[in-house]
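In what follows, a structure is listed as structure tokens, so that the remarks can point back to it.
By convention in this document, chain letters (A, B, ...) are assigned in the order of the sequence lines, proteins followed by strands, and residues within each chain are numbered from 1. Computed from a predicted model, the values in this text were never measured in an experiment.
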Protein chains: 2
Amino acid sequence: MRVTKPRVALVEALFKQEGPVSIERLHQVVGIKSCDLVTIYRCLAAFESLGLVRRSYLHNGTCLYELTTGHGRRYHVVCKECGRTDPVDFSLTNDAEESLRHKGYTQISHVLEFFGVCPACQQSAAPHREQSVAVTPVT
Amino acid sequence: MRVTKPRVALVEALFKQEGPVSIERLHQVVGIKSCDLVTIYRCLAAFESLGLVRRSYLHNGTCLYELTTGHGRRYHVVCKECGRTDPVDFSLTNDAEESLRHKGYTQISHVLEFFGVCPACQQSAAPHREQSVAVTPVT
DNA sequence: TTGAGTGCAAAGGATTTGCAGGTTC
DNA sequence: GAACCTGCAAATCCTTTGCACTCAA
């Protein structure tokens, strides 16, 4: 796998985030002009098969990506309204995956996502729809 | 909410399955001619908001639905190759959702899905792609 | 009767693919 | 120099929407 400008920028962008990010947003962080959306899709797919990033999902099924850090797995709540993510203090035991291995499954992984309506979206009749996509939260 | 033919058929179809099913497959089980795909989408959405069904996701992000039985929550592995689902013996503590409630989140739910390559797909170079979608194997 | 529900067609959004040209090793 | 990557355009897949018609209550 070659080291190219888009890939370096993408890793940097992923590194800057503290949680799962949408591809759309990554595109914005990297710079719309400096890299095509398609390239981001392709790089993330490559990164994923290398185990470098992990995929999770928004409530509507669209993907989010995050760097696979060495510090253990982290889970997140994602707001059904604005899409904002927030880490959840929780960890999964290995029992389940272990039992699957015993059953003969390979390439085992899992997705655990919590959903809910965040406090900020609670009262606002008009939810902050684009929040999850907004770049640099302006201040 | 009215009781209509498509809805009854849909509930029956869901009932027959033991795990999460794709919309595509539900359409086939219900009968392609007897009900439009769009209607299935709409009914499932309605059922979901009533808490009658629960949604989960395939490895590629497409939705699966299953009836919300009274017998507690069940999780599944879904094969990355053929899409077949298999129940996993595992249960999640309520701690995580409870802590979210404390943080001010509402309408809390979660999705937990295990992925892997099932024993059957292990050796077969050409995976049973359509297995998860296949309806009553046309005798 | 009448409004919720349905089917059909078409739109929409996310993701993937094909291909020619550019870049890394 | 060759293979890999990228950008652009277009295709695909899943899901949603608009609208006129139908049917359950």
Side-chain angles (χ1 to χ4, degrees), chain A residues 1-13 20-50 52-65 78 80-83 111 113 115 129-134, chain B residues 1-13 20-50 52-65 78 80 83 111 113 115 129-130 132-133:
Chain A
M1 166 164 301
R2 292 182 179 169
V3 176
T4 65
K5 250 168 280 176
R7 289 181 178 175
V8 172
L10 187 54
V11 171
E12 284 175 357
V21 217
S22 69
I23 290 198
E24 199 63 34
R25 168 142 196 206
L26 280 172
H27 193 199
Q28 294 182 290
V29 173
V30 163
I32 311 259
K33 319 221 145 164
S34 60
C35 175
D36 197 90
L37 224 204
V38 179
T39 299
I40 302 209
Y41 273 97
R42 286 196 268 227
C43 291
L44 286 173
F47 290 173
E48 189 183 21
S49 65
L50 257 62
L52 236 149
V53 300
R54 181 160 42 224
R55 186 198 301 208
S56 55
Y57 300 91
L58 231 49
H59 193 238
N60 65 4
T62 64
C63 291
L64 300 179
Y65 284 89
V78 359
K80 287 178 188 174
E81 295 296 348
C82 67
V111 165
E113 214 71 61
F115 297 105
R129 288 262 173 243
E130 289 314 310
Q131 205 157 306
S132 73
V133 168
Chain B
M1 170 165 295
R2 293 184 178 167
V3 175
T4 65
K5 248 168 281 176
R7 289 181 178 175
V8 171
L10 188 52
V11 171
E12 284 175 357
V21 217
S22 70
I23 292 197
E24 199 63 32
R25 169 144 194 203
L26 280 172
H27 191 199
Q28 295 182 291
V29 174
V30 164
I32 311 260
K33 317 222 145 163
S34 61
C35 176
D36 196 273
L37 224 205
V38 179
T39 299
I40 302 209
Y41 273 96
R42 288 195 269 228
C43 291
L44 286 172
F47 291 173
E48 188 183 22
S49 67
L50 256 64
L52 236 148
V53 299
R54 182 161 41 223
R55 185 197 302 208
S56 55
Y57 301 90
L58 229 49
H59 192 237
N60 65 2
T62 63
C63 290
L64 301 179
Y65 284 89
V78 358
K80 288 177 187 176
V111 166
E113 214 70 60
F115 298 105
R129 287 263 173 247
E130 287 316 309
S132 74
V133 167

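At a threshold of 4.0 angstrom between heavy atoms, the contacts of B:Arg42 include nucleobase atoms, whether or not backbone atoms are also involved.
The separation between A:Asp36 atom CG and C:dG18 atom C1' is 14 Å, rounded to whole Å. For A:Lys5 and D:dG7, the NZ to P distance is 10 Å, given to the nearest whole Å. Taking atom CG of residue A:Leu10 and atom P of nucleotide D:dG7, one finds them 11 Å apart after rounding to whole Å. Computed from coordinates, the A:Ile40 CD1 to D:dG7 C1' distance equals 12 Å when rounded to whole Å. Rounded to an integer number of Å, the gap from CG of A:Asn60 to C1' of C:dT15 is 13 Å. Taking atom CD1 of A:Ile32 as the reference point, atom P of D:dT6 lies 17 Å away to the nearest angstrom. Nucleotide D:dT16 holds its C1' atom 16 Å from the NE2 atom of B:His27, rounded to whole Å. Spacing between atom CG of A:Leu26 and atom P of C:dT15 amounts to 11 Å, rounded to whole angstrom units.
Between atom OG of residue B:Ser56 and atom OH of residue B:Tyr65 there is a gap of 9.5 Å, rounded to the nearest 0.5 Å. Atom CZ of residue B:Arg42 and atom CG of residue B:Leu37 lie 11.0 Å apart, to the nearest 0.5 angstrom. Here the CG atom belonging to A:Leu64 is positioned 5.0 Å from the CG atom belonging to A:Leu58, to the nearest 0.5 angstrom. Atoms CZ and SG, on A:Arg7 and A:Cys35 in that order, are 10.0 Å from each other to the nearest 0.5 Å.
Nearer the 5' end of DNA chain D, as judged by each residue's closest nucleotide, is the contact made by A:Thr39, out of A:Thr39 and B:Ala45. Between B:Ile23 and A:Met1, the one whose closest nucleotide on DNA chain D sits nearer the 5' end is A:Met1. Residues B:Pro6 and B:Val38 each lie close to DNA chain C; by heavy-atom proximity, the contact nearer the 5' end of the strand is made by B:Pro6.
A close approach under 4.0 Å does occur between a side-chain nitrogen or oxygen of A:Arg7 and OP1 or OP2 of D:dC5. Contact annotation: B:Thr4 side-chain N/O to D:dA24 OP1/OP2 distance is not under 4.0 Å.
Each of C:dG3, D:dT15, C:dT15 was ranked by its minimum atom distance to the side chain of B:Tyr41; first place goes to D:dT15. Across D:dA3, D:dG7, C:dT15, the shortest atom-to-atom separation from the side chain of A:Arg2 is found for D:dA3. With C:dT6, D:dT6, D:dA25 as the candidates, the nucleotide lying closest to the side chain of B:Val3 is D:dA25.
Residues satisfying the salt bridge (charged side-chain N to carboxylate O under 4.0 Å, His left out) criterion with B:Arg55, sequence neighbours excluded, are B:Glu48.
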